[in-house]
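Below, chains carry the letters A, B, ... as their sequence lines are ordered, and counting in each starts from 1. Quick note: numbers below take in every heavy atom, side chains included, and nothing from hydrogens, waters or symmetry partners.
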There are 2 protein chains.
Amino acid sequence: MASKPSIPKGTRDFSPAEVAKRHYIISIIKSNFEKFCFQPIETPSFENSETLMGKYGEEGDRLIFKILNSGDYLAKADAVLLQNKESNKLTSSISEKALRYDLTVPFARYVVQHQNEIEFPFKRYQIQPVWRADRPQKGRFREFYQCDADVVGSKSLWQEVELVKLYDSVFTELGLKGVTIKINNRKILSGIAEVIGAKDKLIDFTVALDKLDKIGEDGVKKEMVEKGISESAIEKVQPLFYFTGSNVEKLNQLSVLLASSEEGMKGVEELRFICDNVMNLGLNDAVLDLDVTLARGLNYYTGAIFEVGSPKQVTMGSIGGGGRYDDLTGIFGLKDMSGVGISFGLDRIYLVIEELNLFPETVASVTKALFINYGEQEAFYAMQAIQKLRSSNIKVELYPDAIKVGKQFTHADKRQIPFAIIVGETEMNEGKFGLKNLISGEQITVDFEGLKNRLLLA
Amino acid sequence: MASKPSIPKGTRDFSPAEVAKRHYIISIIKSNFEKFCFQPIETPSFENSETLMGKYGEEGDRLIFKILNSGDYLAKADAVLLQNKESNKLTSSISEKALRYDLTVPFARYVVQHQNEIEFPFKRYQIQPVWRADRPQKGRFREFYQCDADVVGSKSLWQEVELVKLYDSVFTELGLKGVTIKINNRKILSGIAEVIGAKDKLIDFTVALDKLDKIGEDGVKKEMVEKGISESAIEKVQPLFYFTGSNVEKLNQLSVLLASSEEGMKGVEELRFICDNVMNLGLNDAVLDLDVTLARGLNYYTGAIFEVGSPKQVTMGSIGGGGRYDDLTGIFGLKDMSGVGISFGLDRIYLVIEELNLFPETVASVTKALFINYGEQEAFYAMQAIQKLRSSNIKVELYPDAIKVGKQFTHADKRQIPFAIIVGETEMNEGKFGLKNLISGEQITVDFEGLKNRLLLA
């Protein structure tokens, strides 16, 4: 191999500094999941193809990474398909497994497969990578982590309240101020569709309405008409063009607007429960905002829909999302299991925290001191001290080779190790250690206890 | 989908209890890696096929999971290969990516790719899953975690000393007593081959010698002769049949036996450095044992070879292994980079700890108390208390639905939640909480401070 090796596009190597930052975020998400009494599960990286295929729409099916069968995978393949090079039709006969595309379908599969061992309602969290053969771009990768918390087996709206609180708790602990938790309800959207008399135009309607800030009321209306929504229909939902105020005020407007739609009114009632309780319990740093243009995952959500927007000073897509499915596990044959959950977008949260400079300086596990290596005997003396320091949980190491001292100091500098410990013949014979502060340049001679105490305090 | 869903053979779902136990082991390994100043990196789950293929031998190539190209993957495939169904030859034209097979090759690739950003010697650790299309059996899976620590860029034998100490430190912290760290050196094996005058028979020789305990001296010699090793050659290494005593004693015997082999004597010298220093520094619960039959990974190791045997009361293959490669990164074009490292076999360590009943009882994150749900108003009162308790890091939750109280208590029982908190109308109006110990059955009424303090102490 002559050329420098590389990795597949859309994938990433993570350096020690990056791993430390990612684990900092993950550990905060995880500790909050556990504080809210979610329990961890893990599922295999690949599933049987039939478990995944057909669950994410046609686009999704295309973006699922398929694993080639082992051994003589062509043996049983259809000769005609091979000859005609019909890739699509051939796939199922040469590939039986596929990489996880999200954590929700595997969770549904897990619940059905282990239903007899699970005590419902079941609050589970899962933090694992997923893979998508998507076109890579800023903040979008072919391998990325999802961090999901879901509850299955209860229709209680207290779950939605809890999930909003959970978002708030995580983002507050991360120091991310100004996060907006947008909320909507599938039933509100159905109600709007009913009122405008055009169920099939719902997405066109919400997409257009979402542009209000950018293209103004006239622009939005023009686009709606172009998409085939009648002017009289638009007239009926006129209040949505002036849809501002508190969540309570918005809900009051909606309950007038959707009065004729039973389903719409059910949505208003659900949202009122969630918004009222969240307001009365209070949030720390996040804001809950009712947004009727939020139509995320319209195909599968049946109740609440969530999406989290990053603080306004950062340009970034959503950093989280979720919602309620009334029939989470029906695809695998277990009926009437309502599920509701949220997801944290680790990669984008990372980018936001990086941009706002919110990573604590202490996030990486850094060597506290490097013992300079003066030769075999001195190194043994150093190793004795090192193992005692480590048993006090102080991270110290020996430079492995007795090379020129200057080079060893340069190594400590480059690795930003704050202290060097000098153990030449003199120090060794006196049972002492030379402790040099590599930032101030100050050097003192101490015994082992002095060394330990100074490193513990440093 | 009519039948109950399943997962691919050789893969596993992990329940909350299993995840907790796995993370307990991983967290101990990780904290020791960091204590010994190794730094974490992560690499993508899949690599370009050319990075992996040809690195693990023919058998390895077969066991690597290949990922089917996206889109119309047959378009550029060779028509003749398709027609003749030549699976092996076709693979490279329809699959460009493959799942990680171990952590060593990706590490070597990482080092070469990022050589300009890395300050050498580089001590890295990596804890990630790998995949092998192996036949599944007890303790062997198609997806499993490897936990590796390697140093690259120094030939110092202090690294080997450190790695032995690292093994000891992890197994001691896990409470695993009686672990044997077997050590050998590739140069000792070469020396033996030189002395018996049969380099190509080395593996046959060590495999036969390894059976000494089972089939006795005569049996071993018979097998050696059958494999074509001459009786006079066997005569020359006669002392290996009585190879007992301390590591020092064994090394003294080897230095006589291998006196004529320069390489063999180099091996003795290296092992003496490692064994002496480990002995003088001392181990906690593990034992270091020189084992000349240890020939693990003969193809790539050039210096020390390690393998860890589980405590004798458990029947289990090795729970760890490693060694030194003098040319770790040469395959990717970076010469003269010596590497040495060890790996921990998470799955087998799990099985050993489980069998010896050494998992701490507190390993799972368990809900401390379940608030019984008596209706909307009471639930809101409960939620106020819940959020205050959580801010003190006490794990409490509300049963989401106001169903029959008996059923809620049954839920708490089944989940082994130790306390139920009763907040009916009376408690709510008095600002109190009924705290019921679900093990003793005892119930008391307390105010919020009393509740918090009792849960903190429980």
Side-chain angles (χ1 to χ4, degrees), chain A residues 1 4-5 7-8 11 13-16 19 34-35 37 39-48 51 65-68 70 72-74 82 85 87 95 97 109-110 112-113 119 121 129 133 143 154 156 158-159 277 281 332-333 365 367 379-380 383 387 390 395 397-398 400-401 411 414-415, chain B residues 1 4-5 7-8 11 13-16 19 34-35 37 39-48 51 65-68 70 72-75 82 85 87 95 97 109-110 112-113 119 121 129 133 143 154 156 158-159 277 281 332-333 365 367 379-380 383 387 390 395 397-398 400-401 414-415:
Chain A
M1 190 174 295
K4 211 168 163 184
I7 51 177
T11 68
D13 281 330
F14 296 107
S15 69
V19 172
E34 298 200 339
K35 201 188 285 182
C37 301
Q39 299 179 283
I41 69 163
E42 290 181 7
T43 63
S45 295
F46 47 73
E47 296 270 351
N48 291 321
T51 300
F65 280 112
K66 286 100 185 169
I67 295 173
L68 198 56
S70 301
D72 186 6
Y73 56 88
L74 288 178
L82 286 175
K85 294 193 169 185
S87 300
S95 161
K97 292 182 284 291
R109 193 267 309 144
Y110 179 98
V112 176
Q113 191 173 331
E119 170 63 20
E143 172 174 49
S154 162
S156 165
W158 284 112
Q159 324 273 23
N277 278 299
L281 289 168
F332 298 115
S365 162
T367 295
F380 179 76
M383 283 295 288
Q387 71 181 7
R390 284 180 183 161
K395 287 162 190 160
E397 59 183 303
L398 169 71
D401 301 281
H411 179 79
K414 286 198 176 160
R415 289 195 36 217
Chain B
M1 190 174 297
K4 213 170 163 181
I7 52 177
T11 68
D13 280 331
F14 296 107
S15 69
V19 172
E34 300 201 339
K35 200 188 285 180
C37 301
Q39 298 180 283
I41 69 161
E42 290 181 8
T43 62
S45 296
F46 47 73
E47 295 271 352
N48 292 322
T51 300
F65 279 111
K66 287 101 186 166
I67 295 173
L68 198 57
S70 301
D72 187 6
Y73 55 88
L74 288 178
L82 285 175
K85 294 192 169 184
S87 301
S95 161
K97 293 182 285 290
R109 192 267 309 144
Y110 179 97
V112 177
Q113 190 174 333
E119 170 62 20
E143 171 175 48
S154 162
S156 165
W158 284 113
Q159 322 275 23
N277 278 299
L281 289 167
F332 298 115
S365 162
T367 295
F380 178 77
M383 283 295 288
Q387 71 181 9
R390 285 181 182 159
K395 287 163 189 159
E397 60 184 302
L398 169 72
D401 300 280
K414 286 196 175 161
R415 289 196 36 218

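When each of Asn48(A), Ile41(A), Ile67(A) is scored by its heavy-atom pairs under 4.5 Å with chain B, the top score falls to Asn48(A). The candidate with the highest count of non-hydrogen atom pairs below 4.5 Å against chain B, out of Gln113(A), Gln39(A), Lys66(A), is Gln113(A). When each of Met383(B), Arg390(B), Glu47(B) is scored by its heavy-atom pairs under 4.5 Å with chain A, the top score falls to Arg390(B).
Nearest approach of Cys37(B) to Glu397(A), heavy atoms of both residues: CB-OE2, 3.4 Å. When every heavy atom of Leu68(B) is checked against every heavy atom of Leu68(A), the shortest pair comes out as CD1-CD1, 3.7 Å. Between Lys4(A) and Val112(B), the shortest heavy-atom contact is CE-O, 3.5 Å. Minimum heavy-atom separation, Tyr110(A) to Pro16(B): OH-CD, 3.9 Å. Tyr73(B) and Ser87(A) get closest at one heavy-atom pair: OH-O, 2.8 Å.
For the atom pair Ile7(A) CD1 and Thr43(B) OG1, the distance stands at 8.5 Å (nearest 0.5 Å). Here CD of Glu34(B) is found 10.0 Å from OG1 of Thr367(A). Values are rounded to the nearest 0.5 Å. With values rounded to the nearest 0.5 angstrom, Arg415(A) atom CZ is found 7.5 Å from Glu119(B) atom CD. Between atom CD of residue Gln387(A) and atom CG of residue Leu281(B) there is a gap of 5.0 Å, rounded to the nearest 0.5 Å.
Within the 4.5 angstrom heavy-atom criterion, only side-chain atoms of Glu143(A), from C-beta onward, approach chain B. The contact between Ser45(B) and chain A is made by backbone and side chain atoms together, counting heavy-atom distances below 4.5 Å. If you measure heavy-atom distances from Ala379(B) to chain A, the contacts under 4.5 Å come from both the backbone and the side chain.
The side-chain contact (heavy atoms from CB on, under 4.5 Å) test applied to Ser156(A) returns Ser154(A), Trp158(A), Gln159(A), Pro400(B), Asp401(B), not counting sequence neighbours.
Contact check on Asp72(B) versus Lys85(A) returns no salt bridge, with no Lys/Arg side-chain nitrogen under 4.0 Å from an Asp/Glu carboxylate oxygen.
Between Asp13(B) and Arg109(A), some side-chain heavy-atom pair lies under the 4.5 Å cut-off.
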